[in-house]
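Comments concern the structure below.
As the structure is a computational prediction, the values presented were derived from the model and not from experiment. In the text below, chain A, chain B and the rest are named by the order of the sequence lines, each starting its count at 1.
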Protein chains: 2
Amino acid sequence: MNRTASIKDVANHASVAVGTVSNVLNYPDRVSERTKERVLRAIDELGFVRNDAARQLRAGHSRTIGLIVLDVGNPFFTSVVRAAEDAAALQGSAVLLGDSGHDAGREANYIDLFQEQRVQGLLISPVGDVTERLDLLRERGVPTVLVDRLADEEKFSSVAVDDDAGGYLAARHLLDTGRRRLAFVGGSTSIRQVADRLQGARRAVKEEPDATLEVLVSEGMTVLAGRSVGNTLVERNREDLPDGIFCANDLLALGIMQSLTMTHTLRIPEDIALIGYDDIDFAVSAVVPLSSIRQPTEALGRTAIELLAEEVEAQHPRHRAVIFTPELVVRQSTGTPSAN
Amino acid sequence: MNRTASIKDVANHASVAVGTVSNVLNYPDRVSERTKERVLRAIDELGFVRNDAARQLRAGHSRTIGLIVLDVGNPFFTSVVRAAEDAAALQGSAVLLGDSGHDAGREANYIDLFQEQRVQGLLISPVGDVTERLDLLRERGVPTVLVDRLADEEKFSSVAVDDDAGGYLAARHLLDTGRRRLAFVGGSTSIRQVADRLQGARRAVKEEPDATLEVLVSEGMTVLAGRSVGNTLVERNREDLPDGIFCANDLLALGIMQSLTMTHTLRIPEDIALIGYDDIDFAVSAVVPLSSIRQPTEALGRTAIELLAEEVEAQHPRHRAVIFTPELVVRQSTGTPSAN
DNA sequence: GTGCATCTTTGAATCGTTTCATTGTTACGA
DNA sequence: TCGTAACAATGAAACGATTCAAAGATGCAC
């Protein structure tokens, strides 16, 4: 197996200098048509492919951006990744994707790997408290943008979604469609997202003097957890039931929907309206299509890349925190009771 | 911002030769304790990080493996990726992940990018018919292993799952639990996976003289497609109904489950048993936990890396095709009728 | 034909690491 | 004290692309 051709081989094969081959690749205008043609033919015949290592060694930096997410399987991140890749491609960079899987060790490995690769910068959705590790990156001069996490604006730029606003949107929607006895279902409020969404819901409920908000804590944020909450609800007396439920994510909502529709004593949305959070694929194809709060993941990914570009270009980086507002998606599960 | 320190800076700072620093990093045994200590201190003080570009320029190849999947959001691939990353880490390589999103253009971009990066090899789950592009890779001497797709064994190694066996498993299980009037639900049989699973099911049904298999073609392979198939079923006369349904994926099965449980005229599994394919997360938390066929994704990812290592090491690569057999996961949706 | 401006092409130097032949050092037995 | 083996440290060369000052070619006006 012959090793891959280098620019020198191409130069020999086309009987020109190496500098000329380089010019054909990087500054085609500087080269005459005749030579350009000859060089391109040589490149083709030898199957030459640029060696990026040599290129970036000379350049001092790569054309890649590192992106570390908590879980590529999570549709939220999948969508962010797509958008980031597309935005990076527009500015001629490629994205190296790392999946930490919520594991600090894996995350550390990727940070090291990307640093050795001399990525232009790093987008990261960090595992827990990584301030220490990230500070190190900052010292080393690796431009970094935090994704889906707010940061000390002195130190980092960041993009995030306003969960408080999302919670407000959801609760406000339930109130607007006439519900007054609301319930919030979520896992532990020690999860920042859950706490914020609840806080936003509280804010909305306070706007209506006759509205109440009950908080139900679930065991985790899964379909099964939702179903077990739902099962406790169906056992209640009719008059003790909420008439609108806001779940901290769609899985919980789907679980509750399962238990309510299975028993057939309570109808959605006539007796109880239900709204989730995240707008996962399954929301639209649930037995009763689920209303939800959609996060602007495309904007997140795109903006993260843009902020990173700012960091790279600026000499004295002014960090910025960009916060997006999520969007209400109305489906049948919160249809106005009167409308049915 | 001062540029990152090089091995030379470290050498100066520690008053040793560059070769010594390199030895500390790569062959610690060759260096005396005293010097090693001094060098490590210098590395720490200067915040030195290896420049991988220079390293791989010298070495002629990188320590990374390219992995291009059709859709990182698909749990099947997510799991394959995890396993591949872990297996690669064991042999000291890192995985560069690319998501083609079923788009040939994105796929091509990643192939080019990875080639320029001089990856050790490529694992790819190709979009459609990419034989041309892959042949080019082969000519260029980039070791390549196809994932989830069989390949001409003359040309490539590959790992895949035996869909025929999976179909057989599913149908055999329905037969073993006493069903005789089976139905297969799937999208177009022009999709290879669907055709193979159906073929396997047919094979099983032929083993029972009194068993029949009806084929229902759905519009796509989504929950909604499944629900619409389910709706046509509930309108049938009881005696025309199948007593066991095998769906080409879990989404279809969940859709059918929705329509059957909504109308409450047919019970799962008493009246109709239901089994899906893929064992997605939602299968276990369905209203009636869904039996399914699980694909050995971890083994796929691990083996793909191992086959690639074989290709890299062997001078005259003997290609191998490794085919895994999927696994039956029994849940309530196919509980034996007598048992209930 | 000469001078000058413009356009092409050249090739040595450079990036940061690893390699390896060479030189320097140490320890120990004769 | 000398010779020698074992161990440490050295530093120039090499990897392949880009850069850029300099040389060469071409065209045009006079």
Hydrogens and angles aside, do [X] and [Y] bring a side-chain donor and acceptor to less than 3.5 Å of each other?
X: A:Gln56; Y: A:Arg118; value: no
X: B:Glu311; Y: B:Ser157; value: yes
X: B:Gln117; Y: B:Thr64; value: no

Exercise for the section: Measure from the side-chain heavy atoms of A:Arg55 and tell me the nearest of C:dT10, D:dT18, C:dT18. Expected result: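 The listed nucleotide nearest to A:Arg55's side chain is D:dT18.
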Practice task
Can you figure out which of D:dG16, C:dT18, C:dA12 approaches the side chain of A:Ser6 most closely?
Solution key: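 That would be D:dG16.
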Quick one: [X] [atom1] to [N] [atom2], roughly how many Å, whole number?
X: B:Arg30; N: C:dA21; atom1: CZ; atom2: P; answer: 11 Å
X: A:Lys8; N: D:dT18; atom1: NZ; atom2: C1'; answer: 14 Å
X: A:Ile7; N: D:dA17; atom1: CD1; atom2: P; answer: 5 Å
X: A:Asp29; N: C:dT8; atom1: CG; atom2: P; answer: 9 Å
X: A:Asp52; N: D:dA17; atom1: CG; atom2: C1'; answer: 10 Å
X: B:Asp9; N: C:dT17; atom1: CG; atom2: P; answer: 9 Å
X: A:Leu57; N: D:dT19; atom1: CG; atom2: P; answer: 13 Å
X: A:Gln117; N: C:dC15; atom1: CD; atom2: P; answer: 21 Å

To the nearest 0.5 angstrom, please state how far the [atom1] atom of [X] sits from the [atom2] atom of [Y].
X: A:Ser100; Y: A:Ile124; atom1: OG; atom2: CD1; answer: 7.0 Å
X: B:Glu132; Y: B:Leu134; atom1: CD; atom2: CG; answer: 10.0 Å
X: A:Asn51; Y: A:Leu57; atom1: CG; atom2: CG; answer: 9.5 Å

Any side-chain N or O of [X] less than 4.0 Å from the OP1 or OP2 oxygen of [N]?
X: A:Thr35; N: C:dT8; result: no
X: A:Arg50; N: D:dT18; result: yes
X: A:Tyr27; N: D:dT18; result: no

Handout entry: Comparing B:Arg38 and B:Ala54 on DNA chain D - which has the more 5′ nearest nucleotide
Key =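 This one resolves to B:Arg38.
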Practice task
Name the residue closer to the 5' end of DNA chain D, choosing between B:Gly60 and B:Lys36 according to the nucleotide with the nearest heavy atom.
Solution key: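 By nearest-heavy-atom nucleotide position, the 5'-most residue is B:Lys36.
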Quick one: label [X] by what it contacts on the DNA or RNA (base, sugar-phosphate, nothing), any heavy atom closer than 4.0 Å.
X: A:Ser32; answer: sugar-phosphate
X: A:Val16; answer: sugar-phosphate
X: B:Val31; answer: sugar-phosphate
X: B:Asn26; answer: sugar-phosphate
X: A:Gly19; answer: base
X: B:Thr20; answer: base

Exercise for the section: Write out all pairs satisfying ring-ring contact (aromatic ring centres under 6.0 Å, His included) with one or both partners inside residues 78-126 of chain A, taking only residues at least two apart or from two chains. Expected result: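 Counting only pairs at least two positions apart or across chains, the ring-ring contact (aromatic ring centres under 6.0 Å, His included) contacts touching residues 78-126 of chain A are A:Tyr110-A:Phe114.
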Exercise for the section: Between A:Asn23 and A:Arg118, name the one whose nearest nucleotide on DNA chain C is closer to the 5' end. Expected result: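 The residue closer to the strand's 5' end, by nearest nucleotide, is A:Asn23.
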Problem - salt bridge (Lys or Arg N to Asp or Glu O under 4.0 Å): pairs with one or both residues in residues 13-29 of chain B, sequence neighbours excluded - result: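 Counting only pairs at least two positions apart or across chains, no salt bridge (Lys or Arg N to Asp or Glu O under 4.0 Å) contact touches residues 13-29 of chain B.
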Exercise for the section: Would you state whether a donor and an acceptor, one from the side chain of B:Arg58 and one from the base of C:dT18, lie under 3.5 Å apart? Expected result: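 Indeed, a donor on one side and an acceptor on the other fall under 3.5 Å apart.
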Problem - Overall bend - the helix from C:dG1-D:dC30 to C:dA30-D:dT1, comparing terminal axes fitted on five pairs, nearest 10 degrees - result: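 One end axis against the other gives 50°.
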